[in-house]
Amino acid sequence: MKFGCSLLIQSRCVLGFNKFPNLNRNLHIHAPRFLGAINQTQKPFHVSSPNWGRSRVFPVTCCSSSKPNYVAGYSTTLESRVNDKNFESVYVQGGGGLDETGESAGRAESKAEKDAWRLLREAVVTYCGNPVGTLAANNPGDKVPLNYDQVFIRDFVPSALAFLLKGEGEIVRNFLLHTLQLQSWEKTVDCYSPGQGLMPASFKIRTVPLDDTKVEEVLDPDFGESAIGRVAPVDSGLWWIILLRAYSKITGDFAMQERVDVQTGIKLILNLCLSDGFDMFPSLLVTDGSCMIDRRMGIHGHPLEIQSLFYSALRCAREMLALDEGSKNLVRTINNRLSALSFHIREYYWIDMKKINEIYRYKTEEYSTEAINKFNIYPEQIPHWLMDWIPEEGGYMIGNLQPAHMDFRFFTLGNIWSIVSSLSTPKQNNSILNLIESKWDDLVGHMPLKIVYPALELEEWRIITGSDPKNTPWSYHNGGSWPTLLWQFTLACIKMGRIELARKAVDLAENRLYADHWPEYYDTRSGRFIGKQSRLYQTWTIAGFLTSKMLLENPEKASLLFWEEDYDLLEICVCALSKTGRKLCARGAAKSQILV
Ligand code: GLC
């Protein structure tokens with residue numbers, strides 16, 4: 001049988017669609033905006049914003065191959081490297097501190113590392129013979145993989161970093177370009193179309209017979225229309241931008257971010273995030289389950305994780321956007337948003353002993369622009385666990401803020417990524433790590449790291465999760481321990497000069513993850529048991545571990561992946577009110593505007 005490759009959007013693939021209705025699911029394809037493998041009768045898609053004014057030109061991706069799409073023991077071949085001029089320069093300029101044989105310089109790999117590299121390579125997915133991503137989990141014994149046999153955008157980030165740090169940029173480049181193509185799909189769920197810039201949560205490569213002798217490989221994305229609970233993957237586009245910057249920084253291939261289609265992709269994502277709505281706050285308003293926690297967990301509104309990814313994606317975009325007349329306004333908008341967002345989060349999400357005591361004594365029902373208790377938080381809302389739990393030293397960002405509601409739970413990724421992106425001040429960054437250190441037994445225990453602390457129990461669990469049997473207390477998203485969070489933690493620790501904390505966590509995880517076959521998550525208060533429904537051979541567990549190891553070994557590389565405080569941003573206040581002498585500008589009035 002011969003293989004041909006294309007995106008489903010291509011006209012030939014639309015035929016394949018009709019023939020194989022199971023591929024169609026709830027997603028209706030309208031007139032294709034994207035020309036994948038070129039069909040001359042179709043018009044290329046144009047970005048409509050007058051500011052952008054450039055058409056989006058896509059590379060031809062069609063090819064022939066006789067290779068299966070999941071390749072065990074994948075490795076980048078020299079042929080594919082030299083065939084790609086861009087990659088050649090990448091490979092020459094890039095490269096990690098590790099040698100070509102996979103040995104860390106001057107140190108033999110541990111059993112766990114060897115196993116992890118083998119498994120990571122086995123999880124690689126190819127499209128038209130080229131590596132394009134990694135499966136979420138790769139357990140051959142798993143009879144019901146659900147969507148774990150797909151390439152998830154967020155899950156691929158640690159895989160990408162592991163490959164980049166190893167000096168292998170090709171898979172990341174392919175991933176970025178192929179997911180960019182998927183972004184242009186016109187998607188409709190029950191007659192409603194989400195925004196153009198939406199990136200899929202995941203994609204799968206399907207093999208579709210063309211006739212009796214030929215088959216075709218097609219990329220089949222999931223924008224949430226098949227996902228459990230139909231959750232919108234808001235974080236996908238943000239991670240895509242963050243990964244694009246990491247790719248260029250590590251490989252030195254800055255030509256990639258200058259491509260017209262890549263520039264347009266960045267703008268489409270930003271357009272979605274920066275469009276006007278009814279919002280009163282600079283934080284991004286999302287539905288429940290729009291990020292790593294992709295199930296109902298009471299994180300609708302303005303969850304911290306999305307805000308910290310949003311902040312870092314804005315910082316990345318500002319760095320990568322080509323500066324010209326067309327992007328001037330956009331860059332100004334980004335700067336204003338960055339400034340307002342960091343003020344908002346630093347001022348209103350931060351809690352420590354002192355702040356909790358303030359909230360405890362809050363007056364309520366204050367009607368005025370001068371109100372101290374701006375969000376009308378009733379002190380009775382402070383949970384009992386928190387009064388005992390908050391240490392004298394240290395603090396953290398709460399999970400969410402809405403009128404009369406503070407979600408006091410500690411969400412690990414949001415807090416760690418606030419450190420990495422400098423959404424929080426240097427002082428807050430240190431305080432968050434102090435809190436993790438002093439609450440080690442609760443937040444790390446037997447396996448790093450708790451996704452959220454504490455778990456929702458009893459009536460709260462019933463109402464907030466909708467009685468989700470997978471999210472029972474101290475399991476899965478409800479207080480389970482997720483080893484993939486190790487890489488972000490390691491990055492934050494290196495940034496703050498607390499490398500010993502990261503080492504302690506990695507040492508704790510290494511042998512156990514290997515012996516337990518790399519589970520997706522662990523259960524119980526202290527993370528003692530492999531999760532009830534946890535997948536084994538979970539790729540981002542494996543890749544998160546490898547990335548952490550490599551960052552610890554090459555801490556100088558970590559600086560390519562985090563952001564320092566931007567002091568200029570602190571000066572920006574676009575609010576005209578302060579200039580008119582009226583006292584309505586909250587920022588002007590706030591004492592703790594710069595908490596450095
Ligand atoms: C689960 C996780 C999600 C992850 C996916 C694939 O749905 O909640 O964050 O991306 O599995 O691993």
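All residue numbers refer to positions in the sequence shown, counting from 1. Values in this document were obtained by computation on a predicted structure and should not be read as measured data. Ligands are counted one by one from 1 in listed order, and the atoms in each one are counted from 1 as well.
Residue, atom and distance of the protein heavy atom nearest to atom 5 (C) of ligand 1 are F152 CE2, 3.9 Å. Looking only at protein heavy atoms, the nearest one to atom 3 (C) of ligand 1 is D294 OD2, 3.4 Å. Counting protein heavy atoms only, atom 11 (O) of ligand 1 is closest to Y148 OH, 3.4 Å. Closest to atom 1 (C) of ligand 1 among all protein heavy atoms lies Y476 OH, 3.5 Å.
Only the side chain of H477 comes within 4.0 Å of ligand 1, counting heavy atoms alone; its backbone N, CA, C and O stay farther away.
Taking the six-membered ring where the residue is Trp, W487 and W239 present tilted rings, their angle falling between 30° and 60°. Between F545 and W518, the two ring planes are tilted [angle within 30° to 60°].
Distances shorter than 4.0 angstrom occur between a heavy atom of E520 and an atom of ligand 1.
Distances between N or O atoms of D155 and those of ligand 1 include at least one value under 3.5 Å.
You'll find the side chain of D222 reaches within 4.5 Å of the side chain of Q150, heavy atoms only. A 4.5 Å side-chain heavy-atom check between S159 and T539 finds at least one atom pair inside the cut-off. Proximity of K249 to L561: side-chain heavy atoms (C-beta onward) are nowhere separated by under 4.5 Å.
Ring-centre distance between Y521 and W482: below the 6.0 Å cut-off.
Within the cation-pi definition used here (under 6.0 Å to the ring centroid, within 45° of the axis), K504 qualifies as a partner of W440.
Those atoms of ligand 1 that come under 4.0 Å of a heavy atom in Q538, given as number and element, are 12 (O). Heavy-atom proximity to M292, at under 4.0 Å, picks out these atoms of ligand 1: 2 (C), 3 (C), 8 (O), 9 (O).
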